[in-house]
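A short worksheet on the structure shown next.
One-based numbering, in listed order, for ligands and for the atoms of each.
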Amino acid sequence: MAHKKSLEALNFTLKDLRRNNNIFGGLMILLAGDFRQTLPVVPRGTPADELNACLKASPLWNNVKTLSLTTNMRVQLQNDQSAAQFSKQLLDLGNGKVPVDATSGLITLTNDFCRFVDTQLVLIENVFPNISENYKNYAWLSQRAILAAKNNDVHALNFTIQSKIAGDLVTYKSVDSITNPDDVVNYPTEFLNSLEIPGFPPHNLQLKVGTVILILRNLNPPRLCNGTRLSVKRLMPNLIEATIINGKYAGENVCIPRIPMIPTDLPFDFKRLQFPVRLAFAMTINKSQGQSLSVCGINLENHCFSHGQLYVACSRVGKPSALFVLTSNQKTKNVVYQRALQ
Ligand SMILES: Nc1ncnc2c1ncn2[C@@H]1O[C@H](COP(=O)(O)OP(=O)(O)OP(=O)(O)O)[C@@H](O)[C@H]1O
């Protein structure tokens with residue numbers, strides 16, 4: 001979900017451009033969204049900060065007229081007999097209506113909602129069956145992913161899946177530096193290399209031909225945007241050639257260069273020169289928002305920790321038989337801030 005400040009900035013810009021002091025310069029704006037989904041991410045923020053960053057906390061919200069869509073098309077399109085029930089189960093999850101166990105604070109997922117698996121390897125086998133052969137099929141690859149709430153869980157899954165593909169591992173190390181010369185002595189290169197920053201490529205990027213990667217920056221919109229998934233075709237010393245596997249430009253080959261990236265939320269200025277990509281067989285639930293999948297795995301060994309994450313993860317597919325969940329005793333945490341839904 002967009003931060004309320006983005007919309008407030010658009011409001012000021014349109015007022016200025018159109019020299020019209022009415023809201024949005026007198027234009028009608030169509031917004032589409034679902035407050036059951038995740039709220040804007042506020043680094044190191046509390047739930048109150050997230051709620052405050054949401055559009056409902058902006059004075060602009062008083063001018064919004066809400067119209068509701070009533071059919072879950074992703075589910076409806078499956079023509080599955082469970083469609084009506086699955087749509088309702090998803091809504092109950094998103095609305096925080098699934099009963100919570102008073103002692104553990106967890107909900108129990110039912111057998112008619114998803115398919116349960118016991119280990120990470122079984123999860124991988126169900127979502128990416130016979131990956132050592134199927135990785136060459138882009139349509140097959142684009143329709144499946146494993147999701148987890150935290151980056152660390154995602155990294156572990158990605159390494160395991162990548163190891164199932166034959167071929168040499170190519171390592172690309174980033175060049176990390178401090179931009180302010182006065183700070184150089186305080187931040188040794190080894191420390192900079194060790195930084196794992198959300199939304200940033202790793203220092204030690206290890207890839208194989210056939211690996212699925214995700215672009216982390218808008219390199220060449222609309223073709224190469226933050227979130228575009230690709231399959232690696234050729235690994236050269238200074239360039240990665242890859243094939244886009246999702247969206248309108250699926251099937252096109254592109255070249256990705258190293259670019260300098262500067263994180264905005266660190267207390268010191270630091271620059272990482274690296275390919276702006278991450279492995280993407282598995283991805284975080286927040287990154288998966290907006291995607292439709294034919295088969296989705298969810299690793300809930302570490303519970304979801306923020307509003308709407310479980311709802312977003314489960315609603316990527318249209319039927320229960322396509323949803324594989326790894327969790328202990330079918331129990332997990334469903335975080336829903338009722339204030340975001342009021
Ligand atoms: N009116 C429609 N007729 C046919 N198919 C539709 C219609 N609306 C949506 N779909 C299909 O349903 C799926 C989900 O649509 P879309 O991604 O636009 O929904 P969304 O609200 O953005 O989902 P989410 O926010 O959960 O990611 C897509 O496959 C889309 O093509």
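- In L77, the part holding a heavy atom less than 4.0 Å from any atom of ligand 1 is the side chain.
- Evaluated for a side chain to side chain contact (heavy atoms under 4.5 Å, CB included) with I23, the options I29, V64, N63 yield exactly one hit, N63.
- Within 6.0 Å of atom CZ in F268, more than 12 heavy atoms from other residues, nucleotides or ligands are found, so the atom counts as buried in its surroundings.
- Per-residue contacts place Q37 under 4.0 angstrom from the following atoms of ligand 1 (heavy atoms of the residue considered): 24 (P), 25 (O), 26 (O).
- For NZ of K208, the number of neighbouring non-hydrogen atoms (other residues, nucleotides, ligands) closer than 6.0 Å is greater than 12.
- There is a protein heavy atom less than 4.0 angstrom from atom 23 (O) of ligand 1.
- Of the N or O atoms in R74, one or more lie within a sub-3.5 Å distance of an N or O in ligand 1.
- Protein heavy atoms come within 4.0 Å of atom 17 (O) of ligand 1.
- Taking a 6.0 Å sphere around NZ of K88, one finds it holds 12 or fewer heavy atoms contributed by other residues, nucleotides or ligands.
- In terms of protein heavy-atom proximity, atom 13 (C) of ligand 1 is closest to S292 OG, 4.0 Å.
- Distances below 4.0 Å separate heavy atoms of G290 from the following atoms of ligand 1: 27 (O).
- Atom 10 (N) of ligand 1 has its closest protein heavy atom at M73 CB, 3.6 Å.
- Counting heavy atoms closer than 4.0 Å to ligand 1, residue Q289 contributes nothing at all.
- No side-chain donor-acceptor contact under 3.5 Å links Q274 to the backbone of V175.
- For the pair Y249 and P222, the tightest heavy-atom approach, listed with the atom from each and the gap, is OH-CG, 3.3 Å.
- Heavy-atom minimum distance, F128 versus I146: CE1-CG1, 3.9 Å.
- When each atom of ligand 1 is checked for a heavy atom of R316 under 4.0 Å away, the hits are 24 (P), 26 (O), 27 (O).
- Distance remark: protein heavy atom not present below 4.0 angstrom from atom 31 (O) of ligand 1.
- Side chain of R144 to backbone of C296: no donor-acceptor contact under 3.5 angstrom is found.
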